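I have placed the structure first, in the form of structure tokens, so that the comments after it can refer back to it.
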Amino acid sequence: MFRQICTRLRSGFFLNCPPWLSVFLLCTSSLLSTELKYTQGMQVTSTGPQTIQKAEGESVILGCTYTPSPADTGELDIEWSVVSPDTTQKDQMLVSYTSGTKYIHSNHALAKGLSFAAPDPSMGDASLSISLLSPAQSATYKCKVKKSPGVDTRKVSLVVLVKPSAPKCWVEGGELIGEAVSLHCKSERGSTTLTYTWKRESAGPIPAMATQNRATGELKISNHSQSFAGLYLCEVNNAVGAGHCRINLKANKPPNRAAVIVGTVVGSLLLIFILLVLIVILYWKLSTRHRYEKEFSNEIREDAPPPESCPASRHTSRCGSQHPQVAYSQISGTHGSSFNEGRAHTSSSNSRTPVKYTPVEYDSKYGYAV
């Protein structure tokens, strides 16, 4: 056999091939053919996409069909695991199939809803089924099928996205003709990247003067006019879903500025007048109150005339006890009449205005009051 190989090589490019080189080439070709047989033994035949995007709450099947070689006579072993992003860490085993038995190796959130898609994975289908997807299950999954001496693997990246929530539409600006107006659209929930698109459902397409930002959801109109009025639709979408909202944009005429200025001036003057009236009323009340308090204090300060003292006599003690403000003396009737006349005369001479006095009454016990 060695002679035939060397003979063929000599007949080709290596006509002067030494014997040791022939032996080296023969051993190398034997090793390569043996390795080729092993790699061609077990084969994973799934040809689906390497990256799958799904929405939250949906289900997915990660394909892993395989074809063993007649030379593969060992025990079938199937493993599904999550590839660790850190190359220094081990992959996390999820489910496996060995000797006709299925195993779940983790109670982690990634293991929820996992199962083999086929009732019997030994029949050539080791695909993995995941129900009720959540964003936490976004990872790279690896399928490994081994049947000695053959073995093969396949990796699939799963990305779980959240659908956009129904967006909210609103207008910024007074919707006045000639002024700037902005339409806004915002979705509170959804996986990136969200794309916003504004459309007008009535009165034709949106005029070219309006500019819209698809990343922020803003439709900006720098100079509003009647041509921009109408019913607008905002649609937000990502790779797994979409949402929309509507808003009616009006074009209102601006108010008369002259009337606004006149109204402002009149209102200001009326306010000033009211304030002046309040100030005058407050001043009048304060001055009236001050004048009343002053007159009342003057009346308190006026002293009453002191009472006349009682003349010293033998009746002093009795006079002070029974009549503290009146004194009496023993005067005869003649003297009494002259006494009254003298008092009347004296009063008339000392005062310009005649004063009328009532006659003094005579007490039989104490006499006339002094």
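Remember, predicted model here, so these are calculated numbers, not experimental data.
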Polar side-chain atom of [X] near backbone of [Y] as donor-acceptor pair, under 3.5 Å:
| X | Y | answer |
| --- | --- | --- |
| R200 | P205 | yes |
| T153 | K144 | no |
| R214 | G217 | no |
| H224 | N252 | no |
| S81 | M93 | no |
| E179 | L176 | no |
| D72 | G150 | yes |
| S84 | D86 | yes |
| T67 | Q43 | no |
| S187 | S165 | yes |

Worksheet item: Do L194 and Y196 pass the side chain to side chain contact (heavy atoms under 4.5 Å, CB included) test, and can you show the C-alpha distance, the side-chain angles, and the key distance before you say yes or no?
Response: CA-CA 7 Å; L194 297 177; Y196 297 89; 4.0 Å; yes

Answer yes or no: is there a side-chain heavy-atom contact under 4.5 Å between [X] and [Y]?
| X | Y | answer |
| --- | --- | --- |
| T101 | Y103 | yes |
| T140 | V156 | no |
| V95 | L128 | yes |
| I177 | P254 | yes |
| I130 | Q137 | yes |
| T193 | N238 | no |
| Y66 | T45 | no |
| L278 | L282 | no |

Common cluster, [X]/[Y], ILVMFWY with side-chain heavy-atom separation under 4.5 Å:
| X | Y | answer |
| --- | --- | --- |
| I52 | V82 | yes |
| W284 | L276 | no |
| V160 | L114 | yes |

Any side-chain donor-acceptor pair under 3.5 Å between [X] and [Y]?
| X | Y | value |
| --- | --- | --- |
| T195 | N237 | no |
| S225 | S227 | yes |
| S59 | S131 | no |

With rounding to the nearest 0.5 angstrom, report the [atom1] to [atom2] distance, [X] to [Y].
| X | Y | atom1 | atom2 | answer |
| --- | --- | --- | --- | --- |
| S115 | L94 | OG | CG | 12.0 Å |
| D152 | S69 | CG | OG | 12.0 Å |
| K250 | Q226 | NZ | CD | 12.0 Å |
| S202 | N248 | OG | CG | 7.0 Å |
| L158 | T51 | CG | OG1 | 9.5 Å |
| S96 | D77 | OG | CG | 7.0 Å |

Item to complete: Tell me, with the steps shown, if E56 and R189 meet salt bridge (charged side-chain N to carboxylate O under 4.0 Å, His left out).
Response: CA-CA 12 Å; E56 180 183 18; R189 191 170 182 265; 3.0 Å; yes

Taking all non-hydrogen atoms of both residues, which atom of [X] and which atom of [Y] are closest, and how far apart?
| X | Y | result |
| --- | --- | --- |
| L76 | V145 | CD1-CG1, 3.9 Å |
| A55 | L133 | O-CB, 4.2 Å |
| C234 | C169 | CB-SG, 3.8 Å |
| M42 | P68 | CE-CB, 3.6 Å |
| L233 | E201 | CD2-OE2, 3.5 Å |
| A126 | W80 | O-NE1, 2.7 Å |

Item to complete: Return the set of residues passing side-chain hydrogen bond (donor to acceptor under 3.5 Å, both in side chains) with S191 (not counting sequence neighbours), or none when no residue passes.
Response: none

Fill in: Qualifying residues under side-chain hydrogen bond (donor to acceptor under 3.5 Å, both in side chains), relative to K142, sequence neighbours excluded
D91

Discussion item. Other members of the hydrophobic cluster containing L219, with the 4.5 Å side-chain heavy-atom rule, please.
Written reply: V171, V181, L183, W198, I206, M209, I221, F228, Y232, I247, L249

Worksheet item: Is the distance between the SG atoms of C245 and C185 less than 2.5 Å?
Response: no

Worksheet item: Just wondering, more than 12 heavy atoms not from K102 lying within 6.0 Å of its NZ?
Response: yes

Discussion item. Run Y141 and V83 through side chain to side chain contact (heavy atoms under 4.5 Å, CB included) and show every step you take.
Written reply: CA-CA 6 Å; Y141 295 80; V83 179; over 6 Å; no

Worksheet item: What do the steps show when you test H184 against E172 for side chain to side chain contact (heavy atoms under 4.5 Å, CB included), and what is the final call?
Response: CA-CA 8 Å; H184 291 268; E172 284 188 0; 3.3 Å; yes

Item to complete: Show your working on side chain to side chain contact (heavy atoms under 4.5 Å, CB included) between Q53 and L161 and close with a plain yes or no.
Response: CA-CA 7 Å; Q53 290 184 343; L161 302 176; 4.2 Å; yes

